[in-house]
Amino acid sequence: MSPPTPRLRRALLVLTTALAALLCALAPLPAAADGPADTDPADTARAAGDGPADWTARPAGGGADRDARPYVYLEGTPGTALQDRLAVTNSGRAPLTVRLRGDGRAGAWIGFAADTVTVPARTRAEVPLALTVPPDAVPGDASGEVVADDGDEEIRVPVRVRIGGPTLAALTVEDVEISGGTIRYALVNRGNATLEPRLAVRADGMFGTLLDRPERPLPLELAPGRRVERTEPWPDAPALDAVTVRLRVTAPGGARDEAEASATYLPVAPAVGGGLLVLGGLALLGSGAYRRRRTRRGDPEPPGAESADDRQPTTETRPLVKAGPLVKAGAES
């Protein structure tokens, strides 16, 4: 058998190298060496550096997080003091200090057992709070927030208060405007109950209905006395028409109101061109009428104007005188 050629030897070498690399890739890596038996996992975590302490603030009550109340809810009549508790949980490894305050209408009525609370590591503290409803508070719903701040971040806990007494649901839609493909309007809660409004939109043109959107809920809660400005898109607004848009809003409790606005849609370029043509026609008609009126009256032409006769070339006719011999006056010789 003849020895392999140099080209064949190189091919076998490349194939062997590739096979060895493939076997090394498929082989399991050696396990990492275990650390010393007395190594503390906590020390390892501290060596990596501690992050900011994790903490939460929520209404007290409800064992598991999934059962926790989403907000503080209280009911009472004007002049009464309502009690609740706020739970601050520090899951970090260092003490946590938070400052507490109220925000919003109902938040201004809240007082805490302590405005600043220090919570030890891996500890939960419950802070009593008292909400005093003002004696002149209007019956209905009020809202606010409890704010817990550790200096780096803050957590806001919603507060809802139902004030006893007769409630009034009143809602108005105001300042309706039409601007191109957008309808602008404002909703105002004129009552003393929180409202969840619904909106219906209709637009009529010269030749029929252009837009008819049935009543639908709006994604907002309107607190008593609150005003919200909103827009309603109208992407297929007409290019040439005179339209009237009507908005109807309703809310549970019998609240209802309607408002409308009108607009005229005209293409910009044709409108400008037509306006210029109309103005030019009126100018020509006015000039012709003025000239005819002056002609009937026989008024003199304004200075600088030439009559038809003045514009004709004229030839002056004079008698021809034949010249005779000159006669010199005096005695004859």
Side-chain angles (χ1 to χ4, degrees), residues 40-164 189 192-196 219-226 228:
D40 187 359
D43 293 337
T44 305
R46 281 193 292 270
D50 290 337
D54 296 330
W55 62 282
T56 61
R58 57 170 54 98
D65 289 345
R66 63 178 180 272
D67 298 328
R69 292 182 292 161
Y71 51 80
V72 175
Y73 180 79
L74 300 168
E75 293 185 3
T77 57
T80 58
L82 309 174
Q83 307 290 330
D84 208 321
R85 302 176 75 85
L86 181 73
V88 180
T89 303
N90 178 13
S91 57
R93 290 187 293 272
L96 171 72
T97 300
V98 297
R99 290 174 294 278
L100 304 176
R101 61 182 175 86
D103 191 22
R105 182 188 175 197
W109 303 342
I110 298 176
F112 301 93
D115 294 335
T116 301
V117 180
T118 298
V119 185
R122 305 184 185 279
T123 304
R124 169 178 171 174
E126 293 189 356
V127 183
L129 62 86
L131 186 148
T132 303
V133 183
D136 58 350
V138 178
D141 297 325
S143 60
E145 293 176 318
V146 170
V147 182
D149 186 356
D150 71 343
D152 295 325
E153 61 179 344
E154 65 180 27
I155 297 177
R156 292 177 172 265
V157 180
V159 177
R160 305 277 181 85
V161 182
R162 172 60 60 88
I163 305 171
N189 187 343
N192 57 17
T194 300
L195 301 178
E196 297 179 356
L220 63 92
E221 287 188 352
L222 205 58
R226 186 184 176 195
V228 176

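Computed from a predicted structure; not experimentally measured.
Between the CG atom in Asp115 and the CZ atom in Arg101 there is a gap of 11.5 Å [rounded to 0.5 Å]. Note: Ile163 CD1 to Thr77 OG1 = 9.5 Å, rounded to the nearest 0.5 Å. A distance of 4.5 Å separates CZ in Arg156 from CD in Glu145, rounded to the nearest 0.5 Å. Atom CD1 of Ile155 sits about 8.5 Å away from atom CZ of Arg58, to the nearest 0.5 Å. Atom CG of Leu74 and atom CG of Leu129 lie 7.5 Å apart (nearest 0.5 Å). Atom-to-atom distance recorded for Leu96:CG and Thr118:OG1 is 8.0 Å, nearest 0.5 angstrom.
The two residues Pro70 and Pro158 come nearest to each other via the heavy atoms O-CD, 3.8 Å. The minimum heavy-atom distance between Ala137 and Pro78, with the atom names listed, is O-CG, 3.6 Å. The minimum heavy-atom distance between Glu154 and Val147, with the atom names listed, is OE1-CG1, 3.7 Å. The two residues Thr132 and Ala81 have their closest heavy-atom pair at OG1-CB, 4.0 Å. Among all heavy-atom pairs drawn from Gly61 and Arg124, the shortest one is N-NH2, 3.8 Å. Closest of all the heavy-atom pairs between Val127 and Ala114 is CG1-O, 4.1 Å.
The backbone N or O of Glu221 sits less than 3.5 Å from a side-chain atom of Arg226, completing a donor-acceptor pair. Under the 3.5 Å distance criterion, the side-chain polar atoms of Asp54 are left unmatched by any main-chain donor or acceptor of Ser91.
Side chains of Asn90 and Thr123 form no contact here, defined as non-hydrogen atoms less than 4.5 Å apart.
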Self-check item: side-chain contact (heavy atoms from CB on, under 4.5 Å) between Val88 and Val117, intermediate numbers included
Solution: CA-CA 9 Å; Val88 180; Val117 180; 5.8 Å; no
Practice problem: Run the numbers on Trp55 and Val98 for side-chain contact (heavy atoms from CB on, under 4.5 Å), then give the verdict. | Solution: CA-CA 10 Å; Trp55 62 282; Val98 297; 4.0 Å; yes
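Among residues two or more places apart in sequence or in another chain, the side-chain contact (heavy atoms from CB on, under 4.5 Å) test is passed with Arg122 by Arg93.
The residue from Asp84, Val146, Val159, Thr80 that alone fulfils the side chain to side chain contact (heavy atoms under 4.5 Å, CB included) condition with Leu131 is Val159.
More than 12 heavy atoms of other residues, nucleotides or ligands lie within 6.0 Å of CD in Glu126, so this atom counts as buried by the packing criterion.
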